[in-house]
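All values below come from the heavy atoms of this structure, side chains included, with hydrogens, waters and symmetry mates left out.
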Amino acid sequence: MNQERWTAVDDYLTDMLAPADEALAAALTDSDAAGLPAIGVSAPQGKLLHLLARIQGARTVLEIGTLGGYSTMWLARALPDDGRLISLEYNPDHARVARANLARAGLDKVAEVRTGAALDTLPQLAEEGTGPFDLVFIDADKPNNPRYLEWALRLTRPGSLIVVDNVVRGGAVTDESSTDPAVTATRALFDLVARDPRLDATALQTVGAKGYDGMLLARVAA
(Lines give C-alpha, C1' and ligand atoms only; values in the text may rest on other atoms or scores of the structure.)
Protein backbone atom coordinates (compact mmCIF):
# COMPACT_ATOMS: atom_id res chain seq x y z
CA MET A 1 0.00 0.00 0.00
CA ASN A 2 1.29 3.46 -0.87
CA GLN A 3 0.20 7.07 -1.06
CA GLU A 4 -1.15 6.65 -4.60
CA ARG A 5 -3.41 3.79 -3.51
CA TRP A 6 -4.53 5.61 -0.36
CA THR A 7 -5.49 8.65 -2.43
CA ALA A 8 -7.35 6.51 -4.95
CA VAL A 9 -9.38 4.92 -2.15
CA ASP A 10 -10.12 8.35 -0.67
CA ASP A 11 -11.32 9.50 -4.09
CA TYR A 12 -13.60 6.46 -4.31
CA LEU A 13 -15.00 7.01 -0.82
CA THR A 14 -15.55 10.69 -1.57
CA ASP A 15 -17.44 9.93 -4.79
CA MET A 16 -19.59 7.32 -3.08
CA LEU A 17 -20.25 8.85 0.34
CA ALA A 18 -19.12 12.48 0.51
CA PRO A 19 -19.45 14.04 -2.94
CA ALA A 20 -18.57 17.71 -3.14
CA ASP A 21 -21.36 20.16 -3.83
CA GLU A 22 -20.81 23.59 -5.35
CA ALA A 23 -20.05 25.35 -2.06
CA LEU A 24 -17.58 22.75 -0.80
CA ALA A 25 -15.80 22.58 -4.15
CA ALA A 26 -15.61 26.36 -4.35
CA ALA A 27 -14.19 26.54 -0.83
CA LEU A 28 -11.31 24.27 -1.82
CA THR A 29 -10.76 26.10 -5.10
CA ASP A 30 -10.68 29.53 -3.46
CA SER A 31 -8.42 28.29 -0.66
CA ASP A 32 -5.94 27.00 -3.24
CA ALA A 33 -6.17 30.24 -5.23
CA ALA A 34 -5.43 32.24 -2.10
CA GLY A 35 -2.31 30.18 -1.46
CA LEU A 36 -3.54 28.46 1.68
CA PRO A 37 -1.62 25.29 2.54
CA ALA A 38 -3.36 22.04 1.60
CA ILE A 39 -3.43 20.77 5.19
CA GLY A 40 -7.16 20.72 5.88
CA VAL A 41 -9.24 17.61 6.39
CA SER A 42 -10.14 15.39 3.46
CA ALA A 43 -13.73 14.98 2.30
CA PRO A 44 -14.23 11.65 4.15
CA GLN A 45 -12.78 13.23 7.29
CA GLY A 46 -15.05 16.23 6.89
CA LYS A 47 -18.03 13.92 6.54
CA LEU A 48 -16.88 12.09 9.69
CA LEU A 49 -16.85 15.37 11.63
CA HIS A 50 -20.32 16.14 10.27
CA LEU A 51 -21.66 12.77 11.39
CA LEU A 52 -20.00 13.03 14.80
CA ALA A 53 -21.67 16.40 15.34
CA ARG A 54 -25.03 15.00 14.31
CA ILE A 55 -24.66 11.87 16.43
CA GLN A 56 -23.66 14.12 19.33
CA GLY A 57 -26.78 16.21 18.77
CA ALA A 58 -24.50 19.21 18.88
CA ARG A 59 -25.97 22.69 19.04
CA THR A 60 -22.70 24.46 19.83
CA VAL A 61 -19.30 23.75 18.28
CA LEU A 62 -15.86 25.23 18.90
CA GLU A 63 -13.20 24.80 16.24
CA ILE A 64 -9.58 25.70 16.90
CA GLY A 65 -7.93 26.22 13.51
CA THR A 66 -10.13 27.40 10.64
CA LEU A 67 -7.81 27.51 7.61
CA GLY A 68 -10.15 28.10 4.63
CA GLY A 69 -13.29 27.00 6.45
CA TYR A 70 -13.71 23.61 4.76
CA SER A 71 -14.01 21.62 7.99
CA THR A 72 -16.00 24.50 9.44
CA MET A 73 -18.58 24.07 6.69
CA TRP A 74 -18.94 20.34 7.36
CA LEU A 75 -19.46 20.99 11.07
CA ALA A 76 -21.79 23.97 10.61
CA ARG A 77 -24.04 21.96 8.30
CA ALA A 78 -24.64 19.50 11.13
CA LEU A 79 -26.09 22.19 13.42
CA PRO A 80 -29.74 23.20 13.79
CA ASP A 81 -30.86 26.60 12.54
CA ASP A 82 -30.35 28.10 15.99
CA GLY A 83 -26.99 26.39 16.48
CA ARG A 84 -23.71 28.23 16.86
CA LEU A 85 -20.16 27.48 15.73
CA ILE A 86 -17.16 29.59 16.69
CA SER A 87 -13.94 28.96 14.79
CA LEU A 88 -10.60 30.45 15.86
CA GLU A 89 -7.99 31.33 13.22
CA TYR A 90 -4.62 32.93 13.80
CA ASN A 91 -3.96 34.10 10.23
CA PRO A 92 -6.18 37.03 9.13
CA ASP A 93 -5.78 36.13 5.44
CA HIS A 94 -6.98 32.60 6.11
CA ALA A 95 -9.87 33.99 8.15
CA ARG A 96 -10.98 36.25 5.28
CA VAL A 97 -11.05 33.30 2.89
CA ALA A 98 -12.99 31.22 5.42
CA ARG A 99 -15.57 33.94 6.03
CA ALA A 100 -16.17 34.30 2.29
CA ASN A 101 -16.55 30.54 1.91
CA LEU A 102 -19.02 30.36 4.78
CA ALA A 103 -21.04 33.30 3.44
CA ARG A 104 -21.29 31.76 -0.01
CA ALA A 105 -22.54 28.52 1.57
CA GLY A 106 -25.17 30.42 3.56
CA LEU A 107 -23.55 29.42 6.85
CA ASP A 108 -22.38 32.81 8.09
CA LYS A 109 -25.43 33.14 10.34
CA VAL A 110 -24.41 29.96 12.18
CA ALA A 111 -20.61 30.04 11.96
CA GLU A 112 -18.39 32.86 13.23
CA VAL A 113 -14.65 33.12 12.57
CA ARG A 114 -12.60 34.98 15.17
CA THR A 115 -9.09 36.12 14.31
CA GLY A 116 -6.12 36.01 16.65
CA ALA A 117 -3.97 33.58 18.56
CA ALA A 118 -6.27 30.92 20.01
CA LEU A 119 -4.56 31.14 23.39
CA ASP A 120 -5.70 34.77 23.48
CA THR A 121 -9.22 34.24 22.15
CA LEU A 122 -10.00 31.16 24.25
CA PRO A 123 -9.84 33.15 27.53
CA GLN A 124 -12.11 35.74 25.90
CA LEU A 125 -14.69 33.04 25.22
CA ALA A 126 -14.54 32.04 28.88
CA GLU A 127 -14.92 35.65 30.00
CA GLU A 128 -17.95 36.06 27.74
CA GLY A 129 -19.55 32.98 29.24
CA THR A 130 -19.66 31.36 25.81
CA GLY A 131 -20.41 27.68 25.92
CA PRO A 132 -20.40 25.07 27.09
CA PHE A 133 -19.66 23.57 23.70
CA ASP A 134 -21.09 20.20 22.72
CA LEU A 135 -18.18 19.44 20.39
CA VAL A 136 -14.66 20.85 20.11
CA PHE A 137 -12.48 20.18 17.06
CA ILE A 138 -8.77 20.96 17.52
CA ASP A 139 -6.78 21.28 14.30
CA ALA A 140 -4.33 24.16 14.71
CA ASP A 141 -0.63 24.57 15.55
CA LYS A 142 0.35 21.25 17.06
CA PRO A 143 2.86 22.42 19.72
CA ASN A 144 0.00 24.11 21.59
CA ASN A 145 -2.33 21.08 21.55
CA PRO A 146 -1.90 20.29 25.26
CA ARG A 147 -2.97 23.84 26.14
CA TYR A 148 -5.84 23.71 23.66
CA LEU A 149 -7.03 20.53 25.36
CA GLU A 150 -6.94 22.23 28.75
CA TRP A 151 -9.09 25.06 27.39
CA ALA A 152 -11.43 22.60 25.69
CA LEU A 153 -12.07 21.01 29.08
CA ARG A 154 -12.88 24.41 30.56
CA LEU A 155 -15.34 25.19 27.78
CA THR A 156 -17.22 21.88 27.60
CA ARG A 157 -19.61 19.92 29.81
CA PRO A 158 -20.10 16.27 30.78
CA GLY A 159 -21.05 14.48 27.58
CA SER A 160 -19.19 16.85 25.25
CA LEU A 161 -16.92 15.43 22.56
CA ILE A 162 -13.36 16.62 21.87
CA VAL A 163 -11.70 15.66 18.57
CA VAL A 164 -8.02 16.32 17.89
CA ASP A 165 -6.58 15.88 14.40
CA ASN A 166 -3.07 14.84 13.32
CA VAL A 167 -2.11 12.89 16.42
CA VAL A 168 -0.15 10.05 14.79
CA ARG A 169 2.33 12.25 12.92
CA GLY A 170 3.18 9.58 10.34
CA GLY A 171 4.00 7.19 13.17
CA ALA A 172 6.45 9.59 14.83
CA VAL A 173 4.25 9.78 17.94
CA THR A 174 5.95 6.59 19.18
CA ASP A 175 9.43 8.18 19.03
CA GLU A 176 10.37 8.97 22.62
CA SER A 177 13.60 10.65 21.49
CA SER A 178 11.96 13.04 19.01
CA THR A 179 12.77 16.72 19.37
CA ASP A 180 10.08 17.78 16.89
CA PRO A 181 7.80 20.17 18.85
CA ALA A 182 4.71 18.76 17.10
CA VAL A 183 5.64 15.23 18.20
CA THR A 184 6.63 16.10 21.76
CA ALA A 185 3.43 18.12 22.19
CA THR A 186 1.34 15.27 20.80
CA ARG A 187 2.92 12.86 23.25
CA ALA A 188 2.19 15.35 26.04
CA LEU A 189 -1.39 15.54 24.80
CA PHE A 190 -1.77 11.76 25.07
CA ASP A 191 -0.27 11.85 28.57
CA LEU A 192 -2.83 14.45 29.63
CA VAL A 193 -5.73 12.51 28.15
CA ALA A 194 -4.59 9.21 29.64
CA ARG A 195 -4.23 10.69 33.12
CA ASP A 196 -7.36 12.83 33.24
CA PRO A 197 -10.28 10.94 34.83
CA ARG A 198 -12.72 13.30 33.12
CA LEU A 199 -11.84 11.91 29.69
CA ASP A 200 -12.80 8.61 28.07
CA ALA A 201 -10.80 8.46 24.85
CA THR A 202 -9.41 6.52 21.95
CA ALA A 203 -7.40 7.33 18.84
CA LEU A 204 -7.59 5.95 15.33
CA GLN A 205 -4.84 5.72 12.74
CA THR A 206 -5.86 6.96 9.29
CA VAL A 207 -4.47 6.77 5.78
CA GLY A 208 -5.72 8.61 2.73
CA ALA A 209 -5.14 11.61 0.52
CA LYS A 210 -3.61 13.41 3.51
CA GLY A 211 -1.11 10.61 4.15
CA TYR A 212 -0.65 8.58 7.33
CA ASP A 213 -1.96 10.19 10.51
CA GLY A 214 -4.84 9.84 12.95
CA MET A 215 -7.49 11.42 15.16
CA LEU A 216 -8.09 11.37 18.90
CA LEU A 217 -11.67 11.30 20.19
CA ALA A 218 -12.42 12.00 23.83
CA ARG A 219 -15.74 12.18 25.65
CA VAL A 220 -15.94 14.41 28.70
CA ALA A 221 -17.24 12.40 31.66
CA ALA A 222 -19.02 13.73 34.73
Side-chain angles (χ1 to χ4, degrees), residues 14-15 17-141 148 151-152 155 160-166 209-210:
T14 298
D15 290 343
L17 303 174
D21 55 34
E22 183 177 345
L24 288 169
L28 293 176
T29 298
D30 285 3
S31 295
D32 289 341
L36 273 62
I39 57 174
V41 300
S42 66
Q45 291 168 343
K47 184 65 177 289
L48 173 63
L49 292 172
H50 176 86
L51 290 174
L52 287 173
R54 294 191 66 183
I55 293 167
Q56 179 73 359
R59 303 182 67 85
T60 55
V61 171
L62 172 63
E63 179 181 50
I64 303 175
T66 316
L67 197 60
Y70 182 74
S71 57
T72 319
M73 291 169 62
W74 278 109
L75 287 164
R77 287 179 170 184
L79 298 179
D81 291 341
D82 61 347
R84 186 183 188 192
L85 184 153
I86 297 177
S87 188
L88 309 180
E89 174 55 47
Y90 174 76
N91 189 306
D93 294 328
H94 296 180
R96 280 193 289 271
V97 173
R99 291 188 187 106
N101 286 332
L102 290 164
R104 179 174 48 220
L107 296 169
D108 51 329
K109 299 295 189 297
V110 173
E112 171 191 358
V113 179
R114 298 195 182 189
T115 307
L119 292 177
D120 293 331
T121 49
L122 286 164
Q124 293 171 9
L125 294 180
E127 290 173 6
E128 294 169 10
T130 307
F133 292 95
D134 301 318
L135 187 151
V136 177
F137 178 48
I138 301 173
D139 189 15
D141 55 310
Y148 294 151
W151 273 106
L155 293 167
S160 293
L161 179 65
I162 301 171
V163 182
V164 187
D165 199 10
N166 307 126
K210 301 296 181 178

Nearest heavy atoms of [X] and [Y], plus distance in Å:
| X | Y | answer |
| --- | --- | --- |
| Ala58 | Leu79 | O-CD2, 3.3 Å |
| Ala105 | Met73 | CB-CE, 3.7 Å |
| Arg59 | Pro80 | NH1-CG, 3.9 Å |

Is the closest side-chain heavy-atom distance between [X] and [Y] below 4.5 Å?
| X | Y | value |
| --- | --- | --- |
| Leu67 | Pro37 | yes |
| Tyr148 | Leu119 | yes |
| Phe137 | Leu75 | yes |
| Leu155 | Thr130 | no |

Gap between atom [atom2] of [Y] and atom [atom1] of [X] - 0.5 Å precision:
| X | Y | atom1 | atom2 | value |
| --- | --- | --- | --- | --- |
| Leu107 | Glu112 | CG | CD | 14.0 Å |
| Lys47 | Thr14 | NZ | OG1 | 10.0 Å |
| Asp165 | Ser71 | CG | OG | 8.5 Å |
| Ile86 | Glu63 | CD1 | CD | 11.5 Å |
| Asn101 | Tyr70 | CG | OH | 11.5 Å |
| Ile39 | Asp139 | CD1 | CG | 7.5 Å |

Original post:
For Trp74 and Leu48, what are the C-alpha separation, side-chain angles and deciding distance, and is it a side chain to side chain contact (heavy atoms under 4.5 Å, CB included)?
Top reply: CA-CA 9 Å; Trp74 278 109; Leu48 173 63; over 6 Å; no
Give a yes or no answer on whether the side chain of [X] reaches the backbone of [Y] with a donor-acceptor pair at less than 3.5 Å.
| X | Y | value |
| --- | --- | --- |
| Glu89 | Ala95 | no |
| Gln56 | Asp134 | yes |
| Thr60 | Arg84 | no |

**OP:** Begin with the C-alpha distance, continue with both residues' side-chain angles, and end with the deciding distance and a verdict on side chain to side chain contact (heavy atoms under 4.5 Å, CB included) for Lys210 and Val41.
**Re:** CA-CA 8 Å; Lys210 301 296 181 178; Val41 300; over 6 Å; no
Original post:
Hey, mind stepping through Trp151 and Val136 against side chain to side chain contact (heavy atoms under 4.5 Å, CB included) and telling me if it holds?
Top reply: CA-CA 10 Å; Trp151 273 106; Val136 177; over 6 Å; no
Original post:
Of Leu62, Leu161, Leu49, which is the lone residue that meets side-chain contact (heavy atoms from CB on, under 4.5 Å) with Leu135?
Top reply: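 With Leu135 as partner, side-chain contact (heavy atoms from CB on, under 4.5 Å) holds for just one option, Leu161.
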**OP:** Count the heavy atoms belonging to other residues, nucleotides or ligands that lie under 6.0 Å from CD of Glu22, then report whether that count exceeds 12.
**Re:**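 Not buried by this count: 12 neighbours or fewer within 6.0 Å.
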**OP:** Go through Asp21 and Arg77 one step at a time and tell me if the salt bridge (charged side-chain N to carboxylate O under 4.0 Å, His left out) criterion holds.
**Re:** CA-CA 13 Å; Asp21 55 34; Arg77 287 179 170 184; 2.6 Å; yes
Original post:
Does a donor on one side chain sit under 3.5 Å from an acceptor on the other, for Thr115 and Arg99?
Top reply: yes
